[in-house]
Amino acid sequence: MQTATMDLVAEKICKRYRSGTKAVDVLRDVSLTLTAGESAAIMGPSGCGKSTLLNVLGGLEPPDSGAVRLGDEAPYELDDQGLARFRNRRVGFVFQEHHLLPQCSVLENVLIPTLVGGGDGAEPARAMSLLERVGLKDRLTHRPGELSGGERQRVAIARSLINGPTLLLADEPTGNLDEATAHRIADLLKEIQADTQTILVVVTHSAEIAGRFGRQMSLANGALNTSR
Ligand code: ADP
């Protein structure tokens, strides 16, 4: 398998879940390649396996078979420590629920992923710069409860970027937001992805949101239809 340095490659991913005696093949031989600087949206009905695929790509959920590679690293070939480091350093996650710690300030929330592993001392400056980028430089000491839904997602986006990931995964990042806010958050993700040349994969129900990203894919019956 030949890949450029920072490609994300998933090859023949299979994932089956069992519930009681019933087995569900959520992903059947799903293959996907995204190059550095590419963005893609994954659509599909609820329960079709979009989150499962995102989790497999991000090192959160080992597939039953198949391989994932990001640049020169294959997360599921790493030991536990290596896999944890891969998730922390190489991948940024944004979820539908922001998962911010309510007792921590905006700035502290953005710094949480830097608490694992050795830092270089520049983390607070980097966090402030990211918060300025997402339009929250006047909210550094606010608690999440004092922010709007859109502002909380902006904090989650800044947090996802603090360790300089090469892959950004967003699972229904606009699912809890009103339409206008959802579009602004989607635009922000796209702009940041273009600035940083990360690979971005966004799961969304909305065709309008999906249309903002470079490629549109749909998942159905365990198969991924890619636009190319
Ligand atoms: P989507 O993100 O498209 O809504 P999911 O990836 O969350 O879909 O789930 C796909 C299917 O796999 C669903 O039927 C779900 O119930 C099932 N599933 C997801 N995670 C598990 C799990 N840990 N154990 C058993 N079944 C699961």
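Numbering of ligands and ligand atoms starts at 1, following listing order.
Each of Glu132, Met128, Glu108 was scored for a side-chain contact (heavy atoms from CB on, under 4.5 Å) with Leu140, with one residue passing: Met128. Checked against Asp171 for a side-chain contact (heavy atoms from CB on, under 4.5 Å), the options Thr204, Leu54, Val94 give a single hit: Leu54.
With Gly49, Gly222, Gly44 as candidates, the residue nearest to atom 8 (O) of ligand 1 on a non-hydrogen basis is Gly49.
Between Val26 and ligand 1 there is a heavy-atom distance shorter than 4.0 Å.
Every atom of ligand 1 is numbered from 1 in the order shown, and the set under 4.0 Å from a heavy atom of Cys48 is 1 (P), 3 (O), 8 (O). Listed by number with element, the atoms of ligand 1 under 4.0 Å from a non-hydrogen atom of Pro45 are 3 (O). Applying the 4.0 Å criterion to heavy atoms of Ser46 picks out, from ligand 1, the atoms 4 (O). Those atoms of ligand 1 with a heavy atom of Lys50 less than 4.0 angstrom away are 1 (P), 2 (O), 3 (O), 4 (O), 6 (O), 8 (O).
Formation of a donor-acceptor pair under 3.5 Å by the Asn55 side chain with backbone atoms of Glu61 is not found in this model. Using modelled atom types, no side-chain atom of Asp29 and backbone atom of Ala223 make a donor-acceptor pair closer than 3.5 Å. In this structure a side-chain-to-backbone donor-acceptor pair under 3.5 Å is missing from Glu11 to Ser31.
Inside a 4.0 Å radius of atom 15 (C) of ligand 1 there is not any protein heavy atom. Protein heavy atoms are found inside the 4.0 Å sphere centred on atom 26 (N) of ligand 1.
Protein heavy atom nearest atom 24 (N) of ligand 1, with residue, atom name and distance: Tyr17 CD2, 3.5 Å. At the top of the distance list for atom 6 (O) of ligand 1, counting protein heavy atoms only, stands Thr52 OG1, 2.6 Å. Of the protein's heavy atoms, Gly47 O, 3.4 Å lies nearest to atom 11 (C) of ligand 1. Here the heavy atom of the protein found nearest to atom 7 (O) of ligand 1 is Ser51 CB, 3.7 Å.
A salt bridge links Arg126 to Asp120: one of the charged nitrogens lies within less than 4.0 Å of a carboxylate oxygen. With respect to the salt-bridge test (charged N to carboxylate O, under 4.0 angstrom), the residues Arg133 and Glu191 qualify.
The shortest side-chain heavy-atom distance between Arg143 and Pro102 does not fall under the 4.5 Å cut-off.
If you look at Ser19 next to ligand 1, there are no close heavy atoms at all, none under 4.0 Å.
No N or O atom of Arg18 sits closer than 3.5 Å to an N or O atom of ligand 1.
For Phe93, the ring-ring contact (aromatic ring centres under 6.0 Å, His included) partners are Phe95, not counting sequence neighbours.
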